[in-house]
Structures are given as C-alpha cells and as structure tokens.
A.B. asks: 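First, the structure itself, so that you have it in front of you.
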Amino acid sequence: QVRLVESGGGLVQAGGSLRLSCAASGRTSVNNAMGWFRQAPEREREFVNAIDRSGAIYYSDSDSVKGRFTISTDNAKDTVYLGMNNLKPEDTAVYYCAVGNVVVGTFRPQQWGQGTQVTVSS
C-alpha cells in the first residue's frame, strides 16, 4: 500500500498561481509513475498529467491546461508537484494525486490521494 498526502490547494483569484504537492510513502517502488487528476462539480474526473521515474511527462489530450500547468518530481522524496499558473475559474476542482504505472504510453492510476480543493475566483 502507498499513502499519498496532498497539500497546497486553496482559494486564488483568476490569473494567480498555486503549487500542489503530493508526498508518497509506503511501497512506492511498486509503481513507476505519479500523476494528477481533477474533478469539477458534476463532471467526471479528468487526467491532467503524469511523470514517471525517468522524468518523462505524459500530458492530457485536452488543451485546457497546456502551457499553464507543470508537473515535476523529487524522486528522493517520492513527491510530485503540480505548478499551476494563470489560473482560471474553470480550473476550480478537487485535484487528486495518484500513483500508478505507465502502460503503453498511458498513465494507469492504482491508488489515490484524498484530494485537495482548488477554487479560482473571477
């Protein structure tokens, strides 16, 4: 089992920035990647991005966060970060960290964090 603890969410004005963190503990060696998803009210959870242990990054097919959100990792700390710039009200969602594996170029989450709320006011 892997325990994921997220932090960094909050309320920010449109155009502002936030940085989410997700620290993993436990049997982290069984997974080769970590990633971020988000879920807005009354919408399905959507993939944001992921990063594997080699540093390769996997992006969502959606253009909604392209150029504004950046994923990074500190492998020594088993921590993944999501830098979010130029936030928009439509970025309001619960953001979830996940650990999993990249299979044929697709991130497959296996375990989830508890989620952290990001609210962007207009």
A.B. asks: Please give me the minimum heavy-atom distance between A40 and A93, naming the atom from each residue.
C.D. replies: N-CB, 3.7 Å
A.B. asks: Mind checking side chain to side chain contact (heavy atoms under 4.5 Å, CB included) for E90 and listing every partner two or more places apart, or none if nothing turns up?
C.D. replies: K88
A.B. asks: Could you list all the disulfide bond (SG atoms under 2.5 Å apart) pairs where at least one residue sits in residues 45-84, not counting sequence neighbours?
C.D. replies: none
A.B. asks: Is any side-chain heavy atom of T70 closer than 4.5 Å to one of I57?
C.D. replies: no
A.B. asks: Please check this pair: side chain of S64 against backbone of S62, looking for a donor-acceptor N/O pair closer than 3.5 Å.
C.D. replies: no
A.B. asks: For residues 8-22, please give each side-chain donor-acceptor pair under 3.5 Å, one per line with the distance, not counting sequence neighbours.
C.D. replies:
| residue | atom | partner | partner atom | Å |
| --- | --- | --- | --- | --- |
| S17 | OG | N85 | OD1 | 2.9 |

A.B. asks: Answer yes if V80 and V65 sit in the same cluster of Ile, Leu, Val, Met, Phe, Trp and Tyr residues linked by side chain heavy atoms under 4.5 Å apart, and no otherwise.
C.D. replies: yes
A.B. asks: Name all residues meeting the ring pair (Phe, Tyr, Trp, His ring centres under 6.0 Å) criterion together with F107; count only those two or more places apart in sequence or in a different chain, and write none if there are none.
C.D. replies: none
A.B. asks: Report yes or no: do L87 and Y59 belong to one cluster of Ile/Leu/Val/Met/Phe/Trp/Tyr joined by side chain heavy-atom distances under 4.5 Å?
C.D. replies: yes
A.B. asks: By side-chain hydrogen bond (donor to acceptor under 3.5 Å, both in side chains), which residues pair with D78, not counting sequence neighbours?
C.D. replies: T28
A.B. asks: Taking the side chain as every heavy atom from C-beta outward, state whether F69 and L82 have any pair of such atoms under 4.5 Å apart.
C.D. replies: yes
A.B. asks: My understanding is that a hydrophobic cluster links ILVMFWY residues whose side chain heavy atoms are under 4.5 Å apart, including indirect links. Using that, what else belongs to the cluster containing V5?
C.D. replies: none
A.B. asks: For Y58, I'd like to know if atom OH has over 12 heavy atoms of other residues, nucleotides or ligands within 6.0 Å.
C.D. replies: yes
A.B. asks: Counting neighbours of NZ on K66 that are heavy atoms of other residues, nucleotides or ligands and sit closer than 6.0 Å, is the number greater than 12?
C.D. replies: yes
A.B. asks: Quick one: pull up CE in M34 and CH2 in W36 and give me the separation to the nearest 0.5 Å.
C.D. replies: 7.5 Å
A.B. asks: When rounded to the nearest 0.5 angstrom, what is the spacing between CG in N32 and CD1 in I51?
C.D. replies: 11.5 Å
A.B. asks: Mind listing the closest non-hydrogen atom pair of T92 and V120 along with its distance?
C.D. replies: OG1-N, 2.9 Å
A.B. asks: V103: which other cluster members, linking ILVMFWY side chains closer than 4.5 Å, directly or transitively?
C.D. replies: V104
A.B. asks: Write out all pairs satisfying side chain to side chain donor-acceptor pair (under 3.5 Å) with one or both partners inside residues 101-111, taking only residues at least two apart or from two chains.
C.D. replies: Q1-Q111, N31-Q110
A.B. asks: List for me each residue that meets side chain to side chain contact (heavy atoms under 4.5 Å, CB included) alongside S25, sequence neighbours excluded, and say none if there are none.
C.D. replies: R3
A.B. asks: In terms of hydrophobic clusters joined by side-chain contacts under 4.5 Å, are V118 and V94 together?
C.D. replies: no
A.B. asks: Could you work out, with ring pair (Phe, Tyr, Trp, His ring centres under 6.0 Å) as the rule, every residue matching Y96, not counting sequence neighbours?
C.D. replies: none
A.B. asks: Residues two or more places apart in sequence or in another chain: which of them pass salt bridge (Lys or Arg N to Asp or Glu O under 4.0 Å) with D91?
C.D. replies: R38, R68
A.B. asks: So, using side-chain hydrogen bond (donor to acceptor under 3.5 Å, both in side chains) as the criterion, who are the partners of Y81 when residues are at least two apart?
C.D. replies: none
